[in-house]
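Atom set for the values below is all heavy atoms of this structure, side chains included, hydrogens, waters and symmetry mates excluded. Nothing here was measured: the structure is a model prediction, and the numbers come from that model. Every chain is numbered from 1, with letters handed out A, B, ... down the list of sequences.
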4 protein chains.
Amino acid sequence: MPKIVDHEQYRKELLDKCFDLFAEKGYGSITMRQIAEGLRVSTGTLYHYFPSKQALFEQLAQEICEQDLSTALAELQGAQTLQESMEALGRYLVKNEDYFIKWTYIWIDFCQHKDSKEMLKNSIFKRNNQRYQKVIGDLFGIQDSVLASFVLSFVDGLILEKLWGNETIDFIEQCALLGKMLTVYLPQYPAEIKAQTHVLSSLES
Amino acid sequence: MPKIVDHEQYRKELLDKCFDLFAEKGYGSITMRQIAEGLRVSTGTLYHYFPSKQALFEQLAQEICEQDLSTALAELQGAQTLQESMEALGRYLVKNEDYFIKWTYIWIDFCQHKDSKEMLKNSIFKRNNQRYQKVIGDLFGIQDSVLASFVLSFVDGLILEKLWGNETIDFIEQCALLGKMLTVYLPQYPAEIKAQTHVLSSLES
Amino acid sequence: MPKIVDHEQYRKELLDKCFDLFAEKGYGSITMRQIAEGLRVSTGTLYHYFPSKQALFEQLAQEICEQDLSTALAELQGAQTLQESMEALGRYLVKNEDYFIKWTYIWIDFCQHKDSKEMLKNSIFKRNNQRYQKVIGDLFGIQDSVLASFVLSFVDGLILEKLWGNETIDFIEQCALLGKMLTVYLPQYPAEIKAQTHVLSSLES
Amino acid sequence: MPKIVDHEQYRKELLDKCFDLFAEKGYGSITMRQIAEGLRVSTGTLYHYFPSKQALFEQLAQEICEQDLSTALAELQGAQTLQESMEALGRYLVKNEDYFIKWTYIWIDFCQHKDSKEMLKNSIFKRNNQRYQKVIGDLFGIQDSVLASFVLSFVDGLILEKLWGNETIDFIEQCALLGKMLTVYLPQYPAEIKAQTHVLSSLES
DNA sequence: AATGAATGAGCGTTCATTCAT
DNA sequence: TATGAATGAACGCTCATTCAT
């Protein structure tokens, strides 16, 4: 293997560490010096691995998309009923609240970069969203895309409210409520969720 | 006698025009020069009316909170059933989609600015959120705060998805679905909504 | 009398009030707005009476020069011995400490304006200094110009030390010391000072 | 490896070159761009070495205090009598007239900057003045603090008069006069000055 | 590969000055 | 005469980026 492997690997390591940095200060506010300091390298080194701040950010955004959501969502499997699924979702959101808020910050930052937006919207971005919808469908046994969008939007909104400092929102309570409403709304809903067997492998596509 | 200008009124006019400017580029990215250009005044004039960029932004945030909530939501009154209410909400979201997306950008930008965040979270910010929740309660006859948060989060999420370029989301469809789910979930829900008479006046509090 | 008299008079009133303003902040640091506020007029009015900040400052410098020092120095007359004269000088300096420090600030500010410096150095400036030297000669019966310069420099230095925050300097003590030294140094000094009769009128020249 | 530059040394080189720049225009009037130009570096580089204009100025003030006092006054040693000492002082003042005038400008500028005044008056400023007084005492064998202040003020005043363009002042003549006056005033004064052996080392304290 | 010194355009902001009223 | 709104060049300072080492 040529040296390029090490280079690439190191680049990815740096990229990973950038997540928190961008999330905490925002694209516009964080400086390359601060990023370099956070990564424990010099600005020169940073520019050795990334041609520009914009490129670094876009690679980070890419990386987030590429990162397999499967490992994270794996926790949600195993529930026997929809209600249990939703309660697991609530616990999962609580546990990863910080991560989701940061993730949200970064995406929104990204969306304000119009040029890159158009560049990526059609590829990674949309694909990512579709994945989420699919995961929801598989995970919760919701095949109707409108219903999947409903759940997705609701979860987005929960995180957004938290991001806005709304401390009255309780993820567990809200997800439980969603579970109850869905259960009532979907009388045809099977007692046991059988469809989720291949959730993770379905993400590969 | 000086040039005849109603200082306060002109200030508000400028403020209104700032909304789009901030929304399009974000607080951190737009410059005072760009704002001045967008407003067709010099930077000096801009600073004549607003002591700093931060102050300008905060006044804008205030203004949005003060004004739009009541006037905008006024349109949602008049529905006879919850289902109708939700369908009106859907149409309202569609109609003001751009506005809400911009509004969302502005708030999120604001949140990444930590200093102002701490300064305002306790005042305008929280108060605004409480208002929204109250409006939802009054408007849709939902008194349960958990349920109100549910609806609020759902609406937030719809907008966020749109902001993220998710074009598969249909506000009307989604709101209709919410209506159906709520109707099923709340069998005790009265056929006619009577509670909403004083929605707007309740905003005064 | 034409209106110009009022104009001129008002101009001088404004000028007088500028003394403290310039002295406290310095030419470079004070703004025309601050001056206008201190004068209780608008900037427009300020510019109606003075064509520019520089001109205002130069007129002030002129004014200070023109102001008859006689009234102030009059207090120093009446001493019967050199020692008494010097003690009176000490008390006088203590009493007007603030004024002299401000006066010194303004002059030094003025000296840093090279253009105006050259313009005025030869006229008002030098004449002013000669006057001081003359006053010292007449007042203290010191005819030797070197000795007069000595006393002048010493007094300048006392004020400068105070301006620099040296709180250990005691004007009265220092002037008394000067008196003693001069008395010892000038054994031929007459017991009574007779030469000072026309001190004030000599300033007219 | 970075560009090979001794950061500290280069910083001091820049600092030295700043002396004239500040002296000629004054703290308030000179701009960082002008300083950068005078130093033949970019503003960015200037800020790479000094965090702010104020800090640059304070470091300069420090530097002056630390360095010049001892090295400069070293020249004054070696006189056998008070009269000789004073004549050496006169020659020294003539030789360094420009330097002292600039030095005076710098300090006065500094004093009109209130914030820094309060910050430093207690530290560098006062300490510096005390040192000067001590040097005078040691150098001229003057132990009485009132007398030391007298000499200090007189020297300050000489420089101030020169700064004000008074060309009739002759440092040598004036210092010789001071010498004579002191000699007459201090009959107890020893024919040979013995106390000054350790003047310079006394500055260490 | 790695460093950090160097750059300069551009930021938020100020302020002497002008001018419509 | 008097006002204060308006201007824009210039301020102190920042920061993405380049480059000599």
Side-chain angles (χ1 to χ4, degrees), chain A residues 3 6-7 10 28-37 40-57, chain B residues 1-7 10-11 28-37 39-57, chain C residues 3 6-7 10 28-37 40-57, chain D residues 1-7 10-11 28-37 39-57:
Chain A
K3 270 199 170 180
D6 293 331
H7 183 96
Y10 191 42
S29 295
I30 201 166
T31 71
M32 287 298 264
R33 248 179 203 65
Q34 287 169 332
I35 295 170
E37 275 164 29
R40 308 268 191 191
V41 298
S42 64
T43 56
T45 299
L46 193 53
Y47 273 89
H48 185 70
Y49 287 95
F50 307 98
S52 70
K53 188 185 182 186
Q54 164 113 356
L56 168 56
F57 184 67
Chain B
M1 263 177 284
K3 282 187 184 176
I4 292 172
V5 173
D6 185 327
H7 191 99
Y10 192 43
R11 211 198 88 245
S29 297
I30 201 167
T31 71
M32 286 300 263
R33 271 170 194 73
Q34 287 169 334
I35 295 171
E37 275 166 31
L39 260 34
R40 307 269 189 194
V41 298
S42 64
T43 56
T45 299
L46 192 52
Y47 276 91
H48 185 67
Y49 288 95
F50 307 98
S52 69
K53 188 185 184 184
Q54 162 122 352
L56 167 57
F57 189 72
Chain C
K3 271 200 170 177
D6 292 333
H7 183 97
Y10 191 42
S29 296
I30 201 166
T31 72
M32 286 299 263
R33 247 179 204 65
Q34 287 169 331
I35 294 170
E37 275 164 28
R40 308 269 191 193
V41 299
S42 64
T43 56
T45 299
L46 192 53
Y47 274 88
H48 185 70
Y49 287 96
F50 306 97
S52 71
K53 187 185 183 185
Q54 163 114 357
L56 167 57
F57 184 66
Chain D
M1 262 177 285
K3 281 188 184 176
I4 292 173
V5 173
D6 184 327
H7 191 99
Y10 192 42
R11 212 198 89 247
S29 296
I30 201 167
T31 72
M32 286 301 262
R33 271 170 192 74
Q34 287 169 333
I35 293 171
E37 275 167 29
L39 260 35
R40 308 267 190 194
V41 299
S42 65
T43 56
T45 299
L46 192 52
Y47 277 91
H48 185 66
Y49 288 95
F50 307 98
S52 69
K53 187 185 184 184
Q54 163 124 352
L56 168 56
F57 188 73

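- Taking atom CE on M32(C) and atom P on dA6(F), their separation rounds to 20 Å, with Å as the unit.
- No side-chain heavy atom of V41(C) sits less than 4.5 Å from a side-chain heavy atom of H48(C).
- With DNA chain E read from its 5' end, the first of the two nearest nucleotides for T43(D) and I30(B) is the one closest to T43(D).
- Note that CG of L39(D) and CE of M32(D) are 9.5 Å apart. Values are rounded to the nearest 0.5 Å.
- Atom CG of L46(A) is separated from atom CZ of R33(A) by 11.0 Å, given to the nearest 0.5 angstrom.
- Within 4.0 Å of L46(C), counting heavy atoms only, lies no atom of the nucleic acid at all.
- Here the CD-OG distance, from E37(D) to S42(D), works out to 11.0 Å after rounding to the nearest 0.5 Å.
- Computed from coordinates, the H48(B) NE2 to dT17(E) P distance equals 19 Å when rounded to whole Å.
- Residue-level contact check: S52(D) touches the backbone only, with heavy atoms under 4.0 Å from sugar-phosphate atoms and none from bases.
- The side-chain heavy atoms of Y10(C) and D6(C), taken from C-beta on, include no pair separated by under 4.5 Å.
- Between K53(C) atom NZ and dA16(E) atom P the separation is 4 Å, expressed in whole Å.
- At the heavy-atom level, L56(B) lies nowhere under 4.0 Å from the strands shown.
- Regarding contacts with the backbone of dG4(F), every side-chain N or O of S42(C) stays at 4.0 angstrom or more from both OP1 and OP2.
- Y49(C) has its OH atom 6 Å from the P atom of dT1(F), to the nearest Å.
- Residue contacts shown for T31(D) are limited to sugar-phosphate atoms, with no base heavy atom under 4.0 Å away.
- One atom, CG of L39(D), and another, P of dA5(E), lie 16 Å apart when rounded to the nearest Å.
- Remark: dT21(E) base-pairs with dA2(F). Criterion, Watson-Crick or G-U wobble with two distances under 3.5 Å.
- Projected onto DNA chain E by closest heavy-atom contact, G44(D) and G44(B) fall at different nucleotides, the more 5' of which corresponds to G44(D).
- Each of S29(A) and R40(B) has a nearest nucleotide on DNA chain F; the 5'-most of these lies closest to R40(B).
- Counting any heavy atom pair closer than 4.0 Å across all strands shown, F50(D) reaches no nucleic acid atom.
- Nearer the 5' end of DNA chain F, as judged by each residue's closest nucleotide, is the contact made by T45(C), out of Q34(D) and T45(C).
- In this structure, OH of Y47(D) is placed 14 Å from C1' of dG10(E), rounded to the nearest angstrom.
- Here dG4(F) presents its P atom at 11 Å from NE2 of H7(B), a figure rounded to the nearest Å.
- When the P atom of dT3(F) is taken as reference, atom CG of D6(B) falls 20 Å away, rounded to whole Å.
- Between the side chain of R33(B) and the base of dG10(E), no donor-acceptor pair under 3.5 Å is found.
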